[in-house]
Amino acid sequence: MARQTGTSQMFPHREQFHGFMKPCRFEGKVSNLEVQGVIPECIDGTFFRVMPDPPHVPFIENDPWFNGDGNVSAFQIKDGRVNFKQRYVQTEKKVREGRVNKALMGKYRNKYTDAVEFKIRSTANTNVLYFNGKLLACKEDSPPYAMDPETLETMGLYDFDGQLPSVTFTAHPKVDPKSGELVGFGYEAKGDGTPDICYYSVSPGGEFTETVWLVAPVVAMIHDFAVTENWVVFPLIPLTCELERMKAGGEHWQWNPEMPVYFGVLPRRGAQGSDVRWFRSPNAFPGHVYNAYEEDGEILLDISVSDKNVFFWWPDAQGNSPSPHEIAAFLYRFHIDPRAEELTLPRAELLLQENGEFPRIDDRWSMTKHDHCFFDLMDMKAPTDWPAIIPVVGGGFPPYNSLGHLNLRTKSLQKYFPGPTHFMQEPVFVPRSEFAPEGDGYLIALANNYATMGSELHIVDTENFSKPQAIVYLPIRLRPGLHGNWVDGRDMAGATLIN
């Protein structure tokens with residue numbers, strides 16, 4: 001009898017590989033997607049998004065879904081039609097694993113568990129941003145990878161022509177709509193387990209104009225950050241790193257229920273590392289920043305916050321973590337006086353008493369006062385068909401069955417419910433025209449349809465928010481993604497994604 005050899009070719013029987021979370025692993029293009037309704041001709045551009053999507057069965061049995069390879073989708077919308085293209089980012093990991101047709105990378109952000117040594121240990125799977133003619137696929141543990149925005153071909157690891165001073169780069173860089181500057185940072189900027197943060201600004205042409213090194217009070221996750229006209233703010237999530245734990249084969253991150261949330265406040269221009277001030281707030285999970293601006297000498301920081309560990313797959317030292325159904329996030333506004341003599345507790349203002357995350361604004365108002373916020377919403381009063389969804393939803397982020405539009409000036413909330421068997425992914429906002437008022441335009445978001453096990457692109461008019469303007473049907477299922485951005489056709493002049 002012949003002895004069987006080799007590794008399993010089946011993904012583990014885990015929630016993060018089950019149902020809608022089953023890896024997609026598709027590369028290709030589909031022209032002229034089916035559209036129900038009418039897409040207005042004023043929508044002219046490309047919606048880019050990225051999802052963690054492992055092409056190979058991991059050798060870590062309980063590998064978190066965050067650890068999949070970056071697979072970038074592009075929806076080109078023009079003249080009422082939609083073309084679709086999708087390609088993997090050709091990272092060092094993707095290329096080397098493709099050569100041997102099996103997984104080589106071990107645990108999330110733990111090089112000591114890898115089968116081989118990598119020079120750059122990136123999956124480029126968290127965000128995708130258009131800057132200076134390049135599409136940057138970002139993950140916060142490494143420099144970004146540059147892609148051709150027209151073909152989605154990977155151009156290579158991008159260190160801004162040798163200018164990037166840190167070994168890491170944020171997954172949430174900000175672009176100043178007035179100056180065109182890219183503002184970013186890296187944490188664990190000198191390597192795993194280091195408390196160093198490197199902050200920088202980059203001109204529209206790609207030249208570094210500000211570089212500041214500072215030290216955090218603890219080695220903790222900084223997933224997102226905020227930028228105003230004169231300040232930057234770094235919120236530290238109470239997920240901490242210990243190098244010895246990693247060397248012993250443990251996780252990079254561990255939840256610390258005793259740690260406060262630190263807000264590092266630094267002048268945006270002309271600062272030194274010693275200028276940073278660390279404000280403290282009670283233990284919580286600061287999520288995604290949707291904007292920050294200045295008013296009456298204060299920084300107003302708008303951010304989603306949960307009182308529980310949203311990344312529940314990384315428990316505390318005793319192994320405790322919440323169940324996904326227990327996790328809820330809420331939209332908050334923190335009032336921070338950057339020049340206060342004492343590091344006083346920032347005043348936290350609850351903006352909405354409903355569970356919402358992945359908040360976005362009209363990016364033309366970024367870094368200035370805004371009145372409109374769009375986000376994923378869990379509407380418990382909506383007629384979601386839970387018995388149909390639960391068996392096939394798979395494991396990942398807590399689900400959101402609606403989109404929300406909050407007018408911060410009037411405090412009014414509008415809801416878009418896509419249907420009883422749908423959950424929504426992160427939306428992006430598209431203005432109706434270059435000179436349209438703030439918030440006047442369209443939301444575009446992927447929807448998971450658990451009845452068909454297929455993906456749909458929903459387009460919603462902010463002037464008629466209760467029903468879709470159009471629904472675009474994909475012939476495939478796209479795994480839930482993380483982040484993406486809209487690129488106006490004027491910035492992508494001459495692009496033909498389907499070629």
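How far CE of M105 is from NZ of K93: 5.5 Å, rounded to the nearest 0.5 Å. One finds the CD atom of Q36 at 11.5 Å from the CD atom of Q469 (value rounded to the nearest 0.5 Å). To the nearest 0.5 Å, atoms CG (N448) and CG (L478) are separated by 9.0 Å. Rounded to the nearest 0.5 Å, atoms CG (N291) and CG (D363) are 9.0 Å apart. To the nearest 0.5 Å, the span separating NZ on K22 from CG on D53 amounts to 11.5 Å. From H56, atom NE2 reaches atom CG of N101 across 5.5 Å, with rounding to the nearest 0.5 Å.
Atom NZ of K134 is surrounded by more than 12 heavy atoms from other residues, nucleotides or ligands within 6.0 Å. Atom CD of E61 has more than 12 heavy atoms from other residues, nucleotides or ligands within 6.0 Å. Within 6.0 Å of CZ in R81 there are 12 or fewer heavy atoms belonging to other residues, nucleotides or ligands.
Taking the six-membered ring where the residue is Trp, the centroids of F17 and F11 are separated by under 6.0 Å. Ring centroid separation for the pair F169 and F185 does not come in under the 6.0 Å cut-off. Checked against a 6.0 Å centroid threshold, the rings of H18 and H13 do not count as neighbours. Taking the six-membered ring where the residue is Trp, the centroids of W313 and F66 are separated by under 6.0 Å. Taking the six-membered ring for Trp and the full ring otherwise, F312 and W314 have centroids separated by 6.0 Å or more. Residues Y450 and F423 bring their aromatic ring centres within 6.0 Å.
Looking at E251 and K107, a side-chain N of the basic residue comes within less than 4.0 Å of a carboxylate O on the acidic one, giving a salt bridge. Here R360 pairs with E426 in a salt bridge; the nearest charged N to carboxylate O distance falls below 4.0 Å. A salt bridge is absent between E27 and K85: the closest approach of a Lys/Arg side-chain nitrogen to an acidic carboxylate oxygen does not fall below 4.0 angstrom. A salt bridge links D379 to K415: one of the charged nitrogens lies within less than 4.0 Å of a carboxylate oxygen.
The shortest non-hydrogen separation linking D114 to N110 is OD1-O, 3.7 Å. When every heavy atom of N355 is checked against every heavy atom of F330, the shortest pair comes out as N-CE2, 3.9 Å. Shown here for T194 and A189, the closest heavy-atom pair between the two residues is OG1-N, 3.7 Å. Closest heavy-atom contact between L236 and A216: CD2-CB, 4.1 Å. In terms of heavy atoms, T126 sits closest to A171 at CG2-CB, 3.6 Å. Nearest heavy atom pair, residue L413 against residue F375, reads CD1-CZ, 3.8 Å.
Judged by distance alone, the side chains of H288 and D224 never bring a donor and an acceptor atom under 3.5 Å apart. Of the N and O atoms on the side chains of E140 and N127, not one donor lies less than 3.5 Å from an acceptor on the other residue. Of the N and O atoms on the side chains of Q254 and T240, not one donor lies less than 3.5 Å from an acceptor on the other residue. Looking only at atom types and distance, the side chain of Y416 has a donor-acceptor partner in the side chain of H458 under 3.5 Å away.
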Begin from the C-alpha positions of D44 and K78 and carry the test salt bridge (Lys or Arg N to Asp or Glu O under 4.0 Å) through to its verdict. CA-CA 5 Å; D44 183 353; K78 187 176 180 60; 3.1 Å; yes
Take R96 and V116, measure what side chain to side chain contact (heavy atoms under 4.5 Å, CB included) needs, and give me the verdict at the end. CA-CA 10 Å; R96 293 180 66 180; V116 298; 3.6 Å; yes
F417 vs T384, side chain to side chain contact (heavy atoms under 4.5 Å, CB included): CA-CA, chis, key distance, verdict: CA-CA 9 Å; F417 179 64; T384 294; 3.7 Å; yes
Could you check E188 against V219 for side chain to side chain contact (heavy atoms under 4.5 Å, CB included), going step by step and ending with a plain yes or no? CA-CA 7 Å; E188 293 186 71; V219 184; 3.9 Å; yes
Check step by step if side-chain hydrogen bond (donor to acceptor under 3.5 Å, both in side chains) holds for S321 and D316. CA-CA 7 Å; S321 62; D316 65 19; over 6 Å; no
Test log, rule salt bridge (Lys or Arg N to Asp or Glu O under 4.0 Å), inputs D141 and K139: CA-CA 6 Å; D141 60 1; K139 187 169 181 290; 2.7 Å; yes
Please report the C-alpha distance between S304 and E357 in whole Å, then the side-chain angles of each, then the deciding distance to 0.1 Å, and finally whether the side-chain hydrogen bond (donor to acceptor under 3.5 Å, both in side chains) criterion is met. CA-CA 6 Å; S304 62; E357 240 288 7; 2.6 Å; yes
Steps toward side chain to side chain contact (heavy atoms under 4.5 Å, CB included) verdict (Y158, Y145): CA-CA 5 Å; Y158 187 60; Y145 274 81; over 6 Å; no
Set out, in order, the CA-CA distance, both residues' side-chain angles and the distance that settles ring pair (Phe, Tyr, Trp, His ring centres under 6.0 Å) for H223 and H172, then state yes or no. CA-CA 7 Å; H223 177 64; H172 284 285; 4.6 Å; yes
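Just one of W253, F285, W65 meets the ring pair (Phe, Tyr, Trp, His ring centres under 6.0 Å) condition when paired with F311; it is F285.
N283 contributes a side-chain N or O that, together with a main-chain N or O of M259, makes up a donor-acceptor pair within less than 3.5 Å. Here the side chain of Q86 pairs no donor or acceptor atom with the backbone of A74 at under 3.5 angstrom. Distance alone, capped at 3.5 Å, places no donor-acceptor pair between the S31 side chain and the N83 backbone. Judged by distance alone, with hydrogens and angles left aside, the side-chain atoms of N71 form a donor-acceptor pair with the main-chain N or O of F26 at under 3.5 Å. With hydrogens and angles disregarded, a donor-acceptor distance shorter than 3.5 Å links the side chain of Y130 to the backbone of D491. Listed for the T452 side chain is a donor-acceptor partner under 3.5 Å among the backbone atoms of G454. Between the R25 side chain and the P55 main chain, a donor and an acceptor come within less than 3.5 Å of each other.
Taking the six-membered ring for Trp and thresholds of 30 and 60 degrees, F429 and F374 have nearly parallel ring planes, at less than 30 degrees apart. Taking the six-membered ring where the residue is Trp, F75 and F84 present tilted rings, their angle falling between 30° and 60°.
At a threshold of 4.5 Å between non-hydrogen side-chain atoms, the residues V72 and V89 count as touching.
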